[in-house]
Structure formats: C-alpha cells, structure tokens
Amino acid sequence: MFADCLAIMRRQPCLPRLGLALLIGLFATRIHSLSESWMGQNWVQRTKARPELEWDWGHTWSTVEVDRQPVSQLLQGVLGSYRFTLPRSQLQRGTAYVGASSRLRRLMRDMILPREQKDFKVAVIGGSISFGQYTSKLGETDWFSILSKWLIAAFPRANVTIRNGCTPGIPTPYMIMCLELSVDPDVDLVFMEYTLNDGMDGGLFGNRVVMDTERLLRRILALPHQPAVVMMHVPLHGMASYPSGHPKNPNNDIYLNFYQTTEDAQGALAQYYDVQYLSLRTALYRLAAHKDIPGFRWEDLFVDHHPGDAGHKVMADLAIHLLQRTALGLLMEPFGQQDAEAAAEPLPPPMYPGNFPPTSPMCLVGEPFKSLVVMAEGFEYINEGTPTKPKFGYVALRPGSRLQLRLDTDRSAVGAKPDESVNVYLHHLRSYAHMGTATVSCMSGCSCPMIEINAHISERVSQVYMSMLVASQSRECVLEVQVLDKTSSGENKFKVTGIVVSERAGRSDVMERLGGDNAAFGLRQHNGDTTQMVWTKDGIKGGEDTTKRRRRGG
C-alpha cells in the first residue's frame, strides 16, 4: 500500500491512494509515439484495470440515519454495489461543478422510488474514448459499459435503457445537427464527452468550442423530458504526457500544461445552465504529474491519447460517484418545491447572445426521413437490410421516378444573411450493380444549381454516399430527385436514405471532415453499417468489436 492513504470517514479503515487519468487526442487521427520507453509495451497489459487498488464505502454510512434507518440500508444498492479505484479526494477534485443539480436530483429520486411504471433512458454522446476505443473488451471494460451495468443493478425498481450514441472522430457541430441519430427524444440523462474532438481555442471570450457546446447543450436540455446533462471533460492530446527532455519523452513529443484546454472556459456553461461537470484532468493530475504514483501514472492509464481499461475504470468512478452523492443528497436534503420549479424552468437566453441552434430537424435518416417526403412517384420506402440491422430508404427502379422533399433551409434565426446559401447533403446508395443516375434540383421555395448523381461505381462495395446541393434559404425549400434514363450499369436503381441540412449558412467544416461532397459517408454508427450498443435488464444489444479498428482518431 502507499504511504499516504486515505481515511474515508471516522470508522473507515485507511485506504490506498487511487487515481484517474484520461488523455485524449486533439486533432490526431494517427497514433503519436509518446515515448519509446512505454508506448512500445503491450498496451492491454500496461493499462489493465487494477482490482488490488479498489475500495468501497464499506460501513461508512452505517452510523448515519434518516428516519431512524441507516443510510447504508436505505441506499444499499446504490452505495454497496461498486468498488472505486480513484481515491476519495480525487473523486471530489474531479467533480468540478455540481451546482443545484435540480434535474439530476429529480431523476435520482424517481429512479430510487418510481412513483409509477416508467421507463428511464440514459445516453452518452462523444468520440472514440466514450465509444470504447482501446479498451480490451467493448461492452465490459469501457467506462460507459461499467456505468450502465451499475445503473441497472443499483436501481432495481427502475426500468432503465442505456444507449451509447458515440461517433468516433466526430466533433460537437456534427452532433448539433444529428443528435436524433444518437439520442432518443425522451431521454432522461445524457453524458457528453467532446473535449478531445472539438480541439483547441485559446480565447477566453467568444470561444468557438464553448459556443458550439452551448448550442448542443440547448438542444439536449430542450428535449421533452427535460433531461439532466453531465459534461465529461478529458485531457487534450499531449496533456497526459511528460515535458520535453523528460526520460519518458525522449522524442520531445507534444506536451500540454494543465491550463491548456477548453474545459475551464466551458465551465461557465455548467454554471449558467446548472449542468454537472466532471474533469478527468483534475481528478488525475496530482497523482500522475506531481506524485508519480504507480498505478496512476499516465502510462498506467493511457494507451496513447486514449485511456485503456484502467483509465476507463476511473472514468466510471467519477460518473458513479456523482450519482451516488446525488442520491445521498436526497436523503439529507429531500427533493422539494424549489427543486421541482428549478428543474421545470424554461431555458434561459443563450449565454452568448443569439447563439441558438436551428429549431427544425437538420439530420434525418431512416423513419424520420419520411416526414420530409411530399411526393413519391415510383419510389418505395423499403428495408433492404435485416430486422436487427435495418437499411431503410426510398428506392426507385424505373426512369422518370420522382421523390420530392420539403426542407427548412432558413438560417436567419441563427444569424445568417438573407443572401447566404446553405449546404444540403443528400445521403444515397452507390453500388457496383443495378444502380442508375438521378438529378437533384430545387422545385419551389428556394433555388440551387441542379446536380447529377451516378450511383454506379466500379469498386465491388455498396456504400452510403453524400452529394451536396447549395440551396438558398427558405422555410419551405422543395427538392426533387428524378431518376434519368441514363445508366452505366444497365439498370436504373436509385436509393435515397437521408438528408443533412447544415446548421449554419456557408461551408460546413464538419461535413467536410466526414468526407464532404461526392464522398462515402463512413460514419458507421449513423449509416446503417453497425448498430449502437444498448443495455437493458435483459442484457446488451448491438455494438461492434473495435479490435480491428483501433487506429481511428478521437
């Protein structure tokens, strides 16, 4: 054990110091050689979880009573079914902002003692870290899977469905548009993790990352169930490393100081909207950077800028500790009228004036896409996949078939000038067989140059592609897809699977990051190539093994 161990409360035996780290890449899409001294080792073994460091609350709450009942008994499932790795002092440091927690307190109250038959939904959105990249077993050793299993066990009276909606390599602006593809509209709790993928903006005021995060927060907070939101911040690429000249950084790879992150500027959003804020940087930095404690050094927790199993375990520690403390708070300070009023309050004006997201749907794929269709002649909505892996879309087989879609391309409410155009991305299938050619044009309400799409490709694959249309702004912009009597495959099949309307006028950097115009839409979690992982009391459904896809970016 370590010389400095922690006493949890008066009757709690001394516990070993434990820690947390998480390093996530900034713009990196390649593996950075942090140091030959530790990056060359077997990362699964090097970053494995450390059961010998774990501790639990034990009898901490056995002497504390509420209504003459021990707290440890009242919250037996919540407090007694989890063993922490991170020391108590670091758990508290990493819980950077709690605030009133009105929405989270309401949720914990309802899950502990459901007043009626109710389903609860929890989700996470973020990048490759929360997706589970570089864990030894996705669905078991990644932090959100650990949290999910704990939630189901800790709240046996609640029917909980938990969904991992993360999209590796994708920043906040994409999720602003396509939130509905990763989060159910009736969700009750959402964890957000985008610090790495959003990159760096060093400005304190007018910060790009903060403004993007605010718009995503507003979209989530405005959902029908008024969900609670928890921001999970992670260190940027180079922070969970060693300074130039350090023996563990002989190549002088990138190194960031404690303050070189956007999370502190985003802390203003936590305070403004009363959303909770967990900081993996703050939770681990003292143990890893200052004290160099074995088991909590950067190399013990991180593969590169992604955490391994040990790093994910302490991420779960932070999330579970927050929920446990919220549940304990309900016993000490019961949920009351002030809480109820605060949880039900409408959103305040944006912290940055005018920083609203569009109110109309921007990213529609599958069943929601049908709501845009105003006319389908020769197109039929069918599933060309399987019940467990559906691939819905409007399919036409004959020349002359027409599909008309009504979109809202008006961006005046988010500051666009009337003469600025908006990029629209049509999702459609391309394949090596059967495919034909179609045009896409603006029919009414808006104007745009017509584009022609040949859906036949020589490569023997079938993939969803994006084709961009540059349209003028209109609240009722009607587009038409028309199949031509023109083919290089000998047949005329054309399939439309969805559409994305840019959040802002002008060029869309985030869509370019996904490939842009005339490129394959390779986001597997949103193009039908894989299903998102979902946990219920009956087990896990969906997901994919990432062992063959380890080297994708954040």
Side-chain angles (χ1 to χ4, degrees), residues 101 103-104 106-108 110-111 118-133 138-139 142-152 154-155 158-168 170-172 174-195 197 213 215-234 270 273 275-278 312 315-316 318-320 322-323 326 343 357 361-363 365-368 523-526 530-544:
S101 302
R103 292 189 178 192
L104 191 59
R106 179 181 62 190
L107 176 62
M108 289 294 97
D110 292 345
M111 289 181 66
K118 182 181 178 182
D119 296 332
F120 298 92
K121 293 186 177 180
V122 179
V124 63
I125 53 175
S128 57
I129 290 177
S130 293
F131 180 78
Q133 194 96 0
L138 192 64
D142 57 283
W143 79 269
F144 196 66
S145 294
I146 297 171
L147 171 65
S148 299
K149 288 183 281 188
W150 175 83
L151 275 170
I152 291 171
F155 300 96
N159 185 25
V160 190
T161 299
I162 308 160
R163 176 180 177 184
N164 190 322
C166 292
T167 48
I170 303 305
T172 289
Y174 174 80
M175 195 54 67
I176 294 172
M177 294 186 294
C178 297
L179 179 67
E180 290 83 0
L181 300 185
S182 284
V183 172
D184 294 322
D186 55 349
V187 70
D188 299 288
L189 171 61
V190 179
F191 288 86
M192 290 173 50
E193 176 264 302
Y194 280 106
T195 321
N197 287 12
T213 303
R215 297 197 305 280
L216 179 56
L217 269 176
R218 292 187 68 87
R219 287 214 67 202
I220 299 170
L221 291 168
L223 290 173
H225 280 201
Q226 296 179 309
V229 178
V230 177
M231 294 194 288
M232 175 75 81
H233 287 294
V234 299
Y273 289 101
V275 300
Q276 286 57 68
Y277 157 21
L278 302 176
H312 274 267
M315 289 177 72
L318 278 181
I320 291 171
L322 172 66
L323 300 183
T326 304
M362 292 168 276
C363 187
V365 177
E367 190 70 21
L523 191 57
R524 295 169 59 84
Q525 294 73 37
H526 288 178
T530 188
T531 55
Q532 295 171 3
M533 190 174 293
V534 175
W535 293 260
T536 65
K537 291 179 179 179
D538 297 326
I540 304 175
K541 296 180 180 179
E544 62 176 326

Got [X] and [Y] here, is their nearest side-chain heavy-atom distance under 4.5 Å?
{"X": "Met232", "Y": "Met192", "value": "no"}
{"X": "Ile162", "Y": "Val534", "value": "no"}
{"X": "Val124", "Y": "Val190", "value": "no"}
{"X": "Gln525", "Y": "Pro168", "value": "yes"}
{"X": "Leu104", "Y": "Leu189", "value": "yes"}
{"X": "Thr161", "Y": "Asp119", "value": "no"}

Between [X] and [Y], which heavy-atom pair has the shortest distance, and what is it?
{"X": "Ile152", "Y": "Thr536", "value": "CD1-O, 3.4 Å"}
{"X": "Ile125", "Y": "Gly165", "value": "CG2-O, 4.2 Å"}
{"X": "Gln532", "Y": "Leu181", "value": "NE2-O, 2.9 Å"}
{"X": "Ala319", "Y": "Trp143", "value": "CB-CZ3, 3.9 Å"}
{"X": "Arg215", "Y": "Pro357", "value": "O-CG, 3.7 Å"}

Please confirm whether His526 and Tyr174 have ring centers closer than 6.0 angstrom.
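Ring-ring flag for His526/Tyr174: true, centres closer than 6.0 Å.
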Please indicate whether Lys537 has more than 12 foreign heavy atoms, meaning atoms of other residues, nucleotides or ligands, lying under 6.0 Å from its NZ.
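Counting neighbours around NZ of Lys537, more than 12 heavy atoms of other residues, nucleotides or ligands fall under 6.0 Å, so yes.
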Distance, nearest 0.5 Å, that separates [atom1] of [X] from [atom2] of [Y]:
{"X": "Glu193", "Y": "Cys166", "atom1": "CD", "atom2": "SG", "value": "6.5 Å"}
{"X": "Met111", "Y": "Asn159", "atom1": "CE", "atom2": "CG", "value": "10.0 Å"}
{"X": "Met231", "Y": "Thr213", "atom1": "CE", "atom2": "OG1", "value": "7.5 Å"}
{"X": "Leu223", "Y": "Arg218", "atom1": "CG", "atom2": "CZ", "value": "12.5 Å"}
{"X": "Thr326", "Y": "Arg106", "atom1": "OG1", "atom2": "CZ", "value": "13.5 Å"}
{"X": "Ile320", "Y": "Leu318", "atom1": "CD1", "atom2": "CG", "value": "10.0 Å"}

Using the rule given for side chain to side chain contact (heavy atoms under 4.5 Å, CB included), can you reason through Leu151 versus Leu147, listing the C-alpha separation, both sets of side-chain angles and the distance that settles it, and then say yes or no?
CA-CA 6 Å; Leu151 275 170; Leu147 171 65; 4.1 Å; yes
Just grab all the salt bridge (Lys or Arg N to Asp or Glu O under 4.0 Å) pairs involving residues 219-229, residues at least two apart or on different chains.
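Applying salt bridge (Lys or Arg N to Asp or Glu O under 4.0 Å) to every pair that reaches into residues 219-229, excluding sequence neighbours, yields Glu180-Arg219.
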Within the side chain of Asp142, is there an N or O that forms a donor-acceptor pair under 3.5 Å with the backbone of Gly139?
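A pair under 3.5 Å: yes.
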Has the side chain of Asn164 got a donor or acceptor atom that lies under 3.5 Å from a matching backbone atom of Ser130?
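Here the side-chain-to-backbone pair exists.
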Would you sort out whether Leu221 and Val229 count as a side chain to side chain contact (heavy atoms under 4.5 Å, CB included), showing the intermediate values?
CA-CA 7 Å; Leu221 291 168; Val229 178; 3.7 Å; yes
Apply side chain to side chain contact (heavy atoms under 4.5 Å, CB included) to residues Met108 and Leu323 and explain how you reach the verdict.
CA-CA 8 Å; Met108 289 294 97; Leu323 300 183; 4.1 Å; yes
Under the salt bridge (charged side-chain N to carboxylate O under 4.0 Å, His left out) test, which residues partner Arg103, sequence neighbours left out?
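Scan of Arg103 (salt bridge (charged side-chain N to carboxylate O under 4.0 Å, His left out), adjacent residues dropped) gives none.
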Phe120 and Val122: side chain to side chain contact (heavy atoms under 4.5 Å, CB included), yes or no, with the steps?
CA-CA 7 Å; Phe120 298 92; Val122 179; 5.6 Å; no
Taking only residues two or more places apart in sequence, or in another chain, which ones meet Asp184 in a side-chain contact (heavy atoms from CB on, under 4.5 Å)?
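For Asp184, the residues satisfying side-chain contact (heavy atoms from CB on, under 4.5 Å) (neighbours in sequence not counted) are Lys121, Arg163, Asp186.
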Listed by chain and number, what are the ring pair (Phe, Tyr, Trp, His ring centres under 6.0 Å) partners of Phe155, not counting sequence neighbours?
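Listed in chain order: Trp150.
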Run the ring pair (Phe, Tyr, Trp, His ring centres under 6.0 Å) test against Phe144 and tell me which residues pass, sequence neighbours left out.
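If we apply the ring pair (Phe, Tyr, Trp, His ring centres under 6.0 Å) test to Phe144, skipping adjacent residues, the hits are Trp535.
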Residues in disulfide bond (SG atoms under 2.5 Å apart) with Cys178, at least two apart?
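Here the qualifying residues are Cys363.
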Please determine which of Val183, Asn197, Ile170, Thr167 meets the side chain to side chain contact (heavy atoms under 4.5 Å, CB included) test together with Met175.
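When side chain to side chain contact (heavy atoms under 4.5 Å, CB included) is applied between Met175 and each of Val183, Asn197, Ile170, Thr167, only Thr167 qualifies.
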